[in-house]
There are 2 protein chains.
Amino acid sequence: MIKAERQQLLTKHIANKQSAQLKELSELLNVSEDTVRRDIKELADLGIIKAVRGGAIAHSPVPHHYRERENLQVTQKEIIAQKAVRFVEDGQVVFFDGGTSTLAVAAALRKDIQITVVTNSFPVVNILEDYPSAEVIFIGGRLNKKAFTTFGSETIDAIRTIKADISFLGICSIDLEYGITTRDYEDCIIKKNIVANAKRVIALSTINKVGTAEPFVVCSVNAIDVILTDDAIDEKTAALFEEQGVLIQ
Amino acid sequence: MIKAERQQLLTKHIANKQSAQLKELSELLNVSEDTVRRDIKELADLGIIKAVRGGAIAHSPVPHHYRERENLQVTQKEIIAQKAVRFVEDGQVVFFDGGTSTLAVAAALRKDIQITVVTNSFPVVNILEDYPSAEVIFIGGRLNKKAFTTFGSETIDAIRTIKADISFLGICSIDLEYGITTRDYEDCIIKKNIVANAKRVIALSTINKVGTAEPFVVCSVNAIDVILTDDAIDEKTAALFEEQGVLIQ
DNA sequence: ATTATTTTTGCATTAAATTGCAAGTATATG
DNA sequence: CATATACTTGCAATTTAATGCAAAAATAAT
């Protein structure tokens, strides 16, 4: 049996049984437990199943709570957030996109800030509940249970009626040639409308997302006003971004 | 059985039974009480269940910060909620007003229910995030940081565009003569529009709210289809309500 | 076809995690 | 206060994971 075939079988088995042990898989696939372990690791790296001690389990369909994922790259996001809050001034209308980067920015705002926040992200609202002087406008729509945001035509319509002073945009991928791109279609449409309706767009991107591209195009690089990253970008690339009229920090 | 599988089982068991003791879990999972204790600790650290002396209990479906007001009348609200869920059927569009009574109803829905929920209440969304088959439409607007709901003209506009099969209305005060009334003006406007746009209005009221009145009038009693209370109402009053075409339970 | 190169696989060794037990400590309950 | 119950801690036995290495298989190059 070829490796790919074996891994397909393994995946299917996990999908049916929800979980499986090394020994059981080793017997089923007629290979050593080491090989099963390696297969599991490969499939887990691709996000297809989840490797656990003793075997593998199916990926949980819905995350328990969005706070779980908040822990990824906390320090990098903190760096970006500190850069970002300097752009926010009292009296402004500020839009927060979904995602953990923008969430970190919201959490980094000083408690007494007097701004109007517009968002379609439930986690952002959770943070800002405790900010007495921040007026919060929530953009309604259909609930995305994975991202904890709203989406759909109502959301789009609402975004179009508000022209924010600053819009913080969480970035999936950004590239000089391809612009800003996302993996998710609905997310792309939302971001497109955010960009189109903001006076100033500030994109938040960890350095490893720079120079990558995804299927759905949000906008070209020159539609962005500022890009904030967690680390210094090499001078050559920085110059190329600045040629496009983008401030990169 | 591998650890991950065992912990999944434990989680499920707690979710069903709401609580469990060490011995019981030890027998169910065929491991020592020490191991159960360690599993509980791990799951508790992830926030999935809550460890207590002697075993574990389910996390309250309502997040902590919403719970301040929940202290009072939990059992009464549970009684109302159990009455309420019987009115909900798969395929319906159901509106949930803000407030703890309606929240209790949302929490009492069975996990696999297939309905479309419309609400302007953040706590309701928090509950329904874990309901895989429930489509959730959130009504946007300005954030009310005390009630954790949205309000304002956008909210009203959105409510007007949706005609729910059932609307659950949390009641401040209800009286045969004065009808349904509230203390808060904005809340009154919201409720007014909910009542005007629902096919069937189910009002939720603890018995002590019957026969009281507040400044702002939502609607007269005959605009309500059903009133659910936590205790039997005296027959004379009940008859008077039923004269107005209201089913009272 | 033959050789070289890469990939895959299984095994041995080492490192790490899990588990149950026991002794001591803390907490509840009458 | 006394007693029972539950919790903590350390430890040893067992299981599982990671790593390096060599043989086998597959693939590419000649």
Side-chain angles (χ1 to χ4, degrees), chain A residues 1-61 63-65 67-75 208, chain B residues 1-60 64 67 70-71 74-75:
Chain A
M1 181 170 359
I2 197 172
K3 195 175 102 166
E5 192 185 347
R6 196 183 58 224
Q7 294 194 344
Q8 275 191 340
L9 227 92
L10 198 161
T11 305
K12 201 176 255 176
H13 187 78
I14 296 279
N16 284 340
K17 281 206 46 184
Q18 290 294 302
S19 71
Q21 299 186 34
L22 281 178
K23 196 181 165 193
E24 164 191 355
L25 292 167
S26 158
E27 285 168 9
L28 176 75
L29 305 168
N30 273 313
V31 286
S32 72
E33 294 193 12
D34 293 73
T35 303
V36 173
R37 200 174 277 125
R38 274 184 279 240
D39 282 346
I40 286 173
K41 191 170 185 319
E42 276 183 37
L43 293 168
D45 287 345
L46 295 171
I48 295 169
I49 57 175
K50 188 165 169 13
V52 296
R53 194 183 169 80
I57 58 174
H59 233 105
S60 158
H64 272 103
H65 209 260
R67 295 204 186 280
E68 277 178 43
R69 290 174 302 170
E70 257 180 66
N71 299 331
L72 287 163
Q73 299 184 314
V74 183
T75 48
N208 58 5
Chain B
M1 177 163 13
I2 58 180
K3 196 176 93 161
E5 197 182 344
R6 195 182 59 224
Q7 294 192 344
Q8 280 188 341
L9 252 155
L10 198 162
T11 305
K12 202 177 256 178
H13 186 79
I14 296 279
N16 284 340
K17 283 206 45 185
Q18 290 295 303
S19 71
Q21 297 188 12
L22 281 178
K23 197 182 165 195
E24 163 192 356
L25 292 168
S26 159
E27 284 168 10
L28 175 74
L29 306 169
N30 274 313
V31 286
S32 72
E33 294 192 13
D34 292 75
T35 303
V36 173
R37 200 174 275 125
R38 276 184 276 239
D39 281 347
I40 286 173
K41 188 173 184 317
E42 274 184 38
L43 293 168
D45 286 345
L46 294 172
I48 293 168
I49 58 174
K50 188 163 170 16
V52 294
R53 194 183 170 80
I57 58 174
H59 237 143
S60 158
H64 281 301
R67 299 190 67 201
E70 210 197 321
N71 43 17
V74 180
T75 48

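So that the names make sense, note that chain A is the first sequence line, chain B the second, and so on, each numbered from 1.
- Atom CD in E42(A) sits roughly 15 Å away from atom C1' in dA18(D) (whole-Å rounding).
- The distance from atom CG of L10(B) to atom NZ of K3(B), rounded to the nearest 0.5 Å, is 12.0 Å.
- Within the 4.0 Å cut-off from OP1 or OP2 of dG10(C), not a single side-chain nitrogen or oxygen of R38(A) is found.
- Taking CG of L43(B) as the start and CD of Q7(B) as the end, the distance is 4.5 Å to the nearest 0.5 Å.
- Counting any heavy atom pair closer than 4.0 Å across all strands shown, V52(B) reaches sugar-phosphate atoms only and no base atom.
- Between E33(A) atom CD and dT15(D) atom C1' the separation is 10 Å, expressed in whole Å.
- Other residues, nucleotides and ligands contribute only 12 or fewer heavy atoms inside 6.0 Å of the CD atom of Q21(B).
- Side-chain nitrogen and oxygen atoms of T35(A) include at least one within less than 4.0 Å of the OP1 or OP2 phosphate oxygen of dG10(C).
- The nearest whole Å value for the distance from the NZ atom in K41(B) to the P atom in dT8(D) is 8 Å.
- Rounded to whole Å, the distance from CD on E5(B) to P on dT16(D) is 13 Å.
- Between the base of dT15(D) and the side chain of R53(A) there is a donor-acceptor pair shorter than 3.5 Å.
- Judged by closest nucleotide on DNA chain D, R37(B) is the one of D34(A) and R37(B) placed further toward the 5' end.
- The line from CD of E27(A) to CG of L25(A) is 9.5 Å long, rounded to the nearest 0.5 Å.
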